[in-house]
Amino acid sequence: MDYNFSDIENSAREKWAKEDIYKVSNDTSLPKYYVLDMFPYPSGAGLHVGHPLGYIASDIFSRFKRLKGFNVLHPMGWDAFGLPAEQYAIQTGQHPAITTKNNIDRYKSQMNMLGLSYDWSREYKTSDPAFYKWTQWIFLKLFKSWYNNKTKKAEPIEDLIAQFEKSGTKDIHAACGEELNFSAEEWKGYSEKEKSDILFNYRLAYLSEAWVNWCPALGTVLANDEVKDGVSERGGYPVERKLMPQWSLRITAYAERLLNGLDTIEWSESMKEAQRNWIGRSEGCSLEFKIESGRYKVTVFTTRPDTVFGVSFITLAPENELVGKITPDSHKAKVEEYVNLAKNKTERERQAEVKKVSGEFTGAYAIHPFTGKEIPIWVGDYVLAGYGTGAVMGVPAHDSRDHAFAKHFGLDIPIVIEAPEGWDILKESYDGKTGKCINSDFLNGLEVKEAIRVVIEEIENRGLGKGKVNFRLRDAAFGRQRYWGEPIPIYYKTVVSRQSSVVSEIPVALEESELPLILPPIDKFQPTETGDPPLARATDWKYKDKDGKEYHYEYTTMPGWAGSSWYYLRYMDPNNANEFASKDAISYWQNIDLYIGGAEHATGHLLYFRFWTKFLFDYGLVPFEEPAKKLVNQGMIQGVSAFIIRVNFVWYQLKNIDMTGAKIPAVYISKEVVDSLPNNEIVSNEIIKLFHSSFLKLNPKFTNKIHEENIQLRSYAYTNIHIPVSMVSDKDELNIDMYSEDWFAKEKLSPTNQVPIFFPQNSKYICVREVEKMSKSKYNVVTPDDVIAQYGTDTMRMYEMFLGPLEMSKPWSTQGISGVYNFLRKFWKLFFDENDAFVGVDPRVDPPTTATPIDTGLTHGSTPTATPTPIELKILHKTIKKIEEDMERLSFNTSVSAFMICLNELQELKCNKRAILEPLVICLSPFAPFICEVLWSKLGHTSSVIKASYPKFEEKYLVENTFSYPVSFNGKTRFMLELPLNISKEEIEKQVLASEDAQKWIKDQNIKKVIVVPNKIVNIVLG
RNA sequence: GCCCUGGUGGUGGAAUUGGUAGACACGCAGGACUUAAAAUCCUGUAUUCAUUGCGAAUGUGCGGGUUCAAGUCCCGCCCGGGGUACCA
């Protein structure tokens, strides 16, 4: 009986569907284990071969944990809100909900094809009101909270209001936008609008005028992590800086906890580092400089207060409010011109001009707090408005940017640190190097580290500033001028101010009972003519109060990362209408034990979902501070693209069609062309750019082939590569001719269903191979569908694991897939005898004598007739142990090879004993569930192999009484010597030295030393 | 620039705590079966030299070092991948 993967898959699928095998219960006494994949945004392209890498790994691990007796939560859902669906809607008018649904269906069928063991009864999509009700609910919770720096947690805003009413801002240590000072009386005197504005300074979800990343092409605001190199991550459109009212989340309040929490979780070092850098904690102090005129003062933040005597100027950010206030009339025109110029620059221009020094003298001077000297105040766009105080003290001798600035404008460069050797004091910053203060009054002679401590003390004593910790992390922009997202549950109440009778709007939160605020239908997805977000188009979408008065809702929607910030909790209790998840469900499942997903979410999702978890923790809504104990980032499977540049093609008409009904064209490359391919065909990006106008990009199958064939150019003759006709559609430009069938005859090739593209000997071309992220626009996408159709799911699963370590990125290639396929075929054959019947395995004897853990669901018999030999048992238990160890460190590639080794050895012994093969089927089942399920039932089990128990490893079968010692001389291994295990070091040494082989190597040389490491090695040092 | 990663045969990769480098697989070469091909099976396969057999030397990006012993640890470089970028 041959290995027929499609029959096998069908029969296994049928069985699982009947038993609803992946259903997970919350109500169990078993220990829990939570394995989660980052849920995907279902894009139009479907899954490509890169997606399953993580899914397969987590699936194998889940199945393994189940065999080990855990109740495993392994769910999947959909991150359904997002930009692409809306962009598509704008272009086509098709509602994003429809596109999204179609895409989800496609994804789901592909996932099922991969045999992923998700409990689909827990599936949801973030765009479903039953789900986003709770996203809105958490938003409201944030809106109604402030962060108390004293208790280090979020607290209800009512408590803060109560304190304001009692004693104003006295003794309040809150995370806030700016430090405010008012008394209880003042607070009580404020208008409703003023109170609302003040509270926004403290709320964790707040509305404020903020500099945002505005993307005109997308018509929306983007978060910092959605902007790359000054352009939008999605689409690559230019991004500008714009001041506008903006919903934000006060993630900065959690900066310290987000940073410290990293030490408690098992994430890769690079991931933690990326988050640490993004949070960017730096210690230093604030320092005030009085301005000459006396009315104003500048506060700077510095990490190097020890260099305070080296300050020769102060620079303000162009956006700093002080600029307008302190600039004397004599300098006003020039300064304003500069400020406007700087403000109007796009992010990209600003970044591109990083190395260009620009600035303007304000005409104002500050007084040095220690020397009393006058210091000129400048404006410069190298100072960022959003970081620290938007002002820096210029220490040109010890900071490279200040140095460049001073040099450019001819300012003084006083040296205040003695440069130790190896430290280019003008160019490099201080990073743990040592140096002593000079020309610094009371700091003279002190080490940098010590000087920082002393000077901060002095600054604090004189009331000039205080030691401070600054974070690079900014609050997260939370509003998008978009339709396809969660509506923000806020409406705007109009109020008339008592004093001025000015009408203003106050944002008011919906009541919990009014949730969800449902996304209304709209006719067009563009912004309105007045520039309002698309939601302003919604008709009959108003908040009505008790008196029937109508107010408009917030028009912006939540960003893509809102739903994903808490989604992992919903799987625990997905249909709960009263809570985001019940307390019982959360306390059973706890946080994620293993989280698998792409590393590209390092500073986005992975930071936000830690933030939301900590927030929920503060209210006792979840009993843990970190959402994921262990995180593994699967590597990216890259696409390979080939570029054929300046080439003449010869075209052959399609004749046949393949089994799916599609025409399969192919490409032939002549021997001459291949022979002349440069060995190193990977040309740098520079060349690609140079030829950008004249190359044709080819489909990945073609590319893989080029990749493979180049390796073996010597024996290379011809290759045929499938290539979609659409890919060569610009054939006119490529001078493509029909080619005759004679040519095929001559070349001994079959022209059936092939479109040959011929590279004549004299054509000029360059072939370039490029490895990059798979993307539809790059024509380098390979879907798992084709691979599965050809080799089956079990092969696909094992092959993706066999490619290499999970975390490593690698280009996709099917080179080597036959190794895995052959393995499964041979494994299958092990169960059948020469007559192709499933009698190869010995039957069991009726009636059962003893119960063993592996005979769950057995219909007949229990004791195998054939007794396994010690060597067979050794092979089995060696494998059981190895797989278990590899699982612990998620080393799936080595487990696959362990199975191969095991099979090779059993094949050698022609072993077909039930006692060996039955446990092996269980071990292999997480990797190749289909074949194992079918073999399992052929072995006589009625229940699924999924319900089996992982075989118990028995050390006793591996015990050896001899060890084969490698004996080396001066570190070089010369021969092996088999010795008993239980003899002493001295005895080993004696026996080794006495051996014939050793004598041959020693001859008359002097033995200096003999190192014996029991069970490892013997090394003899001669000389 | 800074931070993180990685660099091992023709290829993907293995070597888990410093202890036989190259497991496993692909590819390739030779052989068996076959009219032939495919499939399958067997043998070989790091490099160089030697080859009648035995062998020998070199070898984990480069240069040093520690050690009886280094792919693994230390110092200094080079190259690839990812992140970040006036963060004071």
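Naming: A, B, ... by sequence-line order, numbering from 1 per chain.
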Enquirer: Considering every strand shown, what is the Watson-Crick or G-U wobble mate of B:U72 when both distances are under 3.5 Å?
Expert: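 Check on B:U72: unpaired, no WC or wobble geometry under 3.5 Å.
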Enquirer: Indicate, with a heavy-atom threshold strictly under 4.0 Å, whether A:Ser282 touches base, sugar-phosphate, or nothing.
Expert: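 If one applies the 4.0 Å heavy-atom cut-off, A:Ser282 turns out to touch the sugar-phosphate alone, with no base involved.
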Enquirer: Taking the C1' atom in each of B:C41 and B:G80, what is the distance between them to the nearest angstrom?
Expert: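 One C1' to the other, the span is 42 Å.
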Enquirer: For A:Lys630 and A:Val632, what are the C-alpha separation, side-chain angles and deciding distance, and is it a side-chain contact (heavy atoms from CB on, under 4.5 Å)?
Expert: CA-CA 7 Å; A:Lys630 181 168 181 164; A:Val632 174; 4.2 Å; yes
Enquirer: Which whole number of Å gives the distance between the P atom of B:A56 and that of B:G61?
Expert: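 Their P atoms lie roughly 26 Å apart.
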Enquirer: Which part of the nucleic acid, if any, lies within reach of A:Val1021 when heavy atoms closer than 4.0 Å are counted: base, sugar-phosphate only, or nothing?
Expert: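 Answer is sugar-phosphate: A:Val1021 comes under 4.0 Å of backbone atoms only.
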Enquirer: Would A:Phe975 and A:Trp1001 count as a close aromatic pair, with their ring centres under 6.0 Å?
Expert: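 No; A:Trp1001 has its ring centre 6.0 Å or more from that of A:Phe975.
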Enquirer: Scan A:Leu384 against the nucleic acid and name what it touches under 4.0 Å (heavy atoms): base, sugar-phosphate only, or nothing.
Expert: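 If one applies the 4.0 Å heavy-atom cut-off, A:Leu384 turns out to touch a base.
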Enquirer: Aromatic ring centroids of A:Phe963 and A:Tyr965 under 6.0 Å?
Expert: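 Centroid distance A:Phe963-A:Tyr965: below 6.0 Å, so yes.
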Enquirer: Taking 4.0 Å as the cut-off, does a side-chain nitrogen or oxygen of A:Asn893 come that near to OP1 or OP2 on B:A14?
Expert: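 Yes, within the criterion.
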Enquirer: Reckon A:Leu803 touches a base, only the sugar-phosphate, or nothing at all at heavy-atom distances under 4.0 Å?
Expert: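 It contacts sugar-phosphate atoms only.
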Enquirer: Specify the separation, in whole Å, of atom CG of A:Leu806 and atom P of B:G12.
Expert: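 In whole Å, B:G12 P and A:Leu806 CG are 19 Å from each other.
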Enquirer: Is B:A36 paired to anything, Watson-Crick or G-U wobble with both distances less than 3.5 Å, and if yes, which nucleotide?
Expert: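 Checking every strand shown, B:A36 finds no partner, since no pair has both distances under 3.5 Å.
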Enquirer: Nearest whole angstrom, please: distance from the P of B:G82 to the CG of A:Asn633.
Expert: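 Answer to the nearest Å: 15 Å.
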Enquirer: Keeping the roles fixed (side chain from A:Asn320, backbone from A:Gly390), state whether a donor-acceptor pair exists under 3.5 Å.
Expert: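 Yes, A:Asn320 side chain to A:Gly390 backbone: donor-acceptor pair under 3.5 Å.
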Enquirer: Measuring only the C1' atom in each nucleotide, how far is B:U58 from B:U8? A whole number of Å is fine.
Expert: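 That atom pair is separated by 15 Å.
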Enquirer: Closer to the 5' end of RNA chain B via nearest nucleotide, is it A:Tyr382 or A:Glu273?
Expert: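 Result: A:Glu273.
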Enquirer: I'd like the C1' distance from B:A70 over to B:A15, given in whole Å.
Expert: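 The same atom, C1', in both gives a distance of 13 Å.
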Enquirer: Quick one: A:Tyr821 OH to B:G12 P, roughly how many Å, whole number?
Expert: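 It works out to 26 Å between those atoms.
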Enquirer: So, the side chain of A:Glu283 versus the backbone of A:Lys468: is there a donor-acceptor pair under 3.5 Å, distance only?
Expert: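 Absent.
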Enquirer: Among residues at least two apart in sequence or on other chains, which ones pass side-chain hydrogen bond (donor to acceptor under 3.5 Å, both in side chains) with A:Glu273?
Expert: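 side-chain hydrogen bond (donor to acceptor under 3.5 Å, both in side chains) list for A:Glu273, sorted by chain: A:Arg276.
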Enquirer: May I ask which nucleotide in the shown strands pairs with B:U84, Watson-Crick or G-U wobble, both distances under 3.5 Å?
Expert: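 For B:U84, the partner nucleotide comes out as B:G1, under the 3.5 Å rule.
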Enquirer: Would you say A:Arg889 reaches B:A15's phosphate, i.e. side-chain N/O to OP1/OP2 under 4.0 Å?
Expert: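 Affirmative; the distance criterion is met.
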Enquirer: What do you reckon, is CD of A:Glu908 surrounded by more than 12 foreign heavy atoms closer than 6.0 Å?
Expert: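 No.
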Enquirer: Are A:Phe899 and A:Phe827 an aromatic pair by the rule of ring centers under 6.0 Å?
Expert: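 Not under 6.0 Å, so no.
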Enquirer: Any idea which of B:A88, B:A14, B:U84 is nearest the A:Trp278 side chain?
Expert: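 Nearest nucleotide to the side chain: B:U84.
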Enquirer: Assign each of A:Ser891 and A:Ala898 to its nearest nucleotide of RNA chain B by heavy atoms, then name whichever residue's nucleotide is nearer the 5' end.
Expert: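 That would be A:Ser891.
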Enquirer: Between atom CG in A:Asp886 and atom P in B:C24, what is the gap in whole Å?
Expert: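 From A:Asp886 CG to B:C24 P: 15 Å.
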Enquirer: The side chain of A:Ser897 lies closest to which of these nucleotides: B:G19, B:A85, B:C24?
Expert: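 Nucleotide nearest to A:Ser897's side chain: B:C24.
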Enquirer: Heavy atoms only, 4.0 Å cut-off, all strands: where does A:Asp381 land among base, sugar-phosphate and nothing?
Expert: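 A:Asp381: base contact, heavy atoms under 4.0 Å.
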Enquirer: Provide, to the nearest angstrom, the distance between the CD atom belonging to A:Glu807 and the C1' atom belonging to B:C4.
Expert: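 Distance, rounded to whole Å: 14 Å.
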Enquirer: Would you check if the side chain of A:Gln907 reaches a backbone N or O of A:Lys826 as a donor-acceptor pair within less than 3.5 Å?
Expert: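 Such a contact is absent between A:Gln907 side chain and A:Lys826 backbone.
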Enquirer: Scan A:Val896 against the nucleic acid and name what it touches under 4.0 Å (heavy atoms): base, sugar-phosphate only, or nothing.
Expert: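 Contact class for A:Val896: none.
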Enquirer: Check the distance between B:A88's P and A:Asp399's CG and give it to me in whole angstrom.
Expert: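 Value for this atom pair: 9 Å.
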Enquirer: Without decimals, in angstroms, what is the distance between A:Lys810 NZ and B:G6 P?
Expert: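 Atom-to-atom, A:Lys810 to B:G6, this comes out as 14 Å.
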Enquirer: Round to a whole Å and report the spacing from CG of A:Asn904 to C1' of B:A25.
Expert: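 So the two atoms are 10 Å apart, to the nearest Å.
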Enquirer: Which nucleotide sits closest to the side chain of A:Asn1019: B:G19, B:G12, B:A85?
Expert: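 The answer is B:G19, which lies nearest to the side chain.
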Enquirer: With rounding to the closest Å, how many angstrom separate the C1' atoms on B:G82 and B:G9?
Expert: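 My reading of the C1' atoms in B:G82 and B:G9 gives 27 Å.
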Enquirer: Give, for atom OG1 of A:Thr603 and atom CE of A:Met271, the distance between the pair rounded to the nearest 0.5 Å.
Expert: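 Rounded to the nearest 0.5 Å, the OG1-CE separation comes out at 9.0 Å.
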Enquirer: With a non-hydrogen cut-off below 4.0 angstrom, is A:Met808 in contact with a base, only sugar-phosphate, or nothing?
Expert: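 Since only primed, P, OP1 and OP2 atoms lie under 4.0 Å of A:Met808, the category is sugar-phosphate.
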Enquirer: Rounding to the closest angstrom, what is the interatomic distance between B:C54 and B:A36 at atom P?
Expert: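 Taking atom P in both B:C54 and B:A36, they lie 34 Å apart.
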Enquirer: Who does B:U45 pair with, Watson-Crick or G-U, both distances under 3.5 Å?
Expert: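 Matched B:U45 with B:G27 under the 3.5 Å cut-off.
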Enquirer: Considering only B:C3, B:U20, B:G27, which nucleotide approaches the side chain of A:Asn277 most closely?
Expert: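 Among B:C3, B:U20, B:G27, the one nearest the side chain of A:Asn277 is B:C3.
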Enquirer: Mind listing the N/O atom pairs, protein and nucleotides 40-50 of chain B, below 3.5 Å?
Expert:
residue : atom : partner  : partner atom : Å
B:U40   : OP1  : A:Arg825 : NH2          : 3.3

Enquirer: Would you tabulate the nitrogen or oxygen pairs shorter than 3.5 Å linking the protein to nucleotides 55-58 of chain B?
Expert:
residue : atom : partner  : partner atom : Å
B:A57   : OP2  : A:Arg974 : NH1          : 3.4
B:U58   : OP2  : A:Lys972 : NZ           : 3.3

Enquirer: For B:G9, does the O4'-C1'-N9-C4 or O4'-C1'-N1-C2 angle fall within 90° of 0, making it syn, or is it anti?
Expert: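 In terms of base orientation relative to the sugar, B:G9 is syn.
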Enquirer: Main chain of A:Thr973, side chain of A:Ser968: is a donor-acceptor contact present, judged purely on distance under 3.5 Å?
Expert: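 The answer is no, because no donor-acceptor pair under 3.5 Å joins these two groups.
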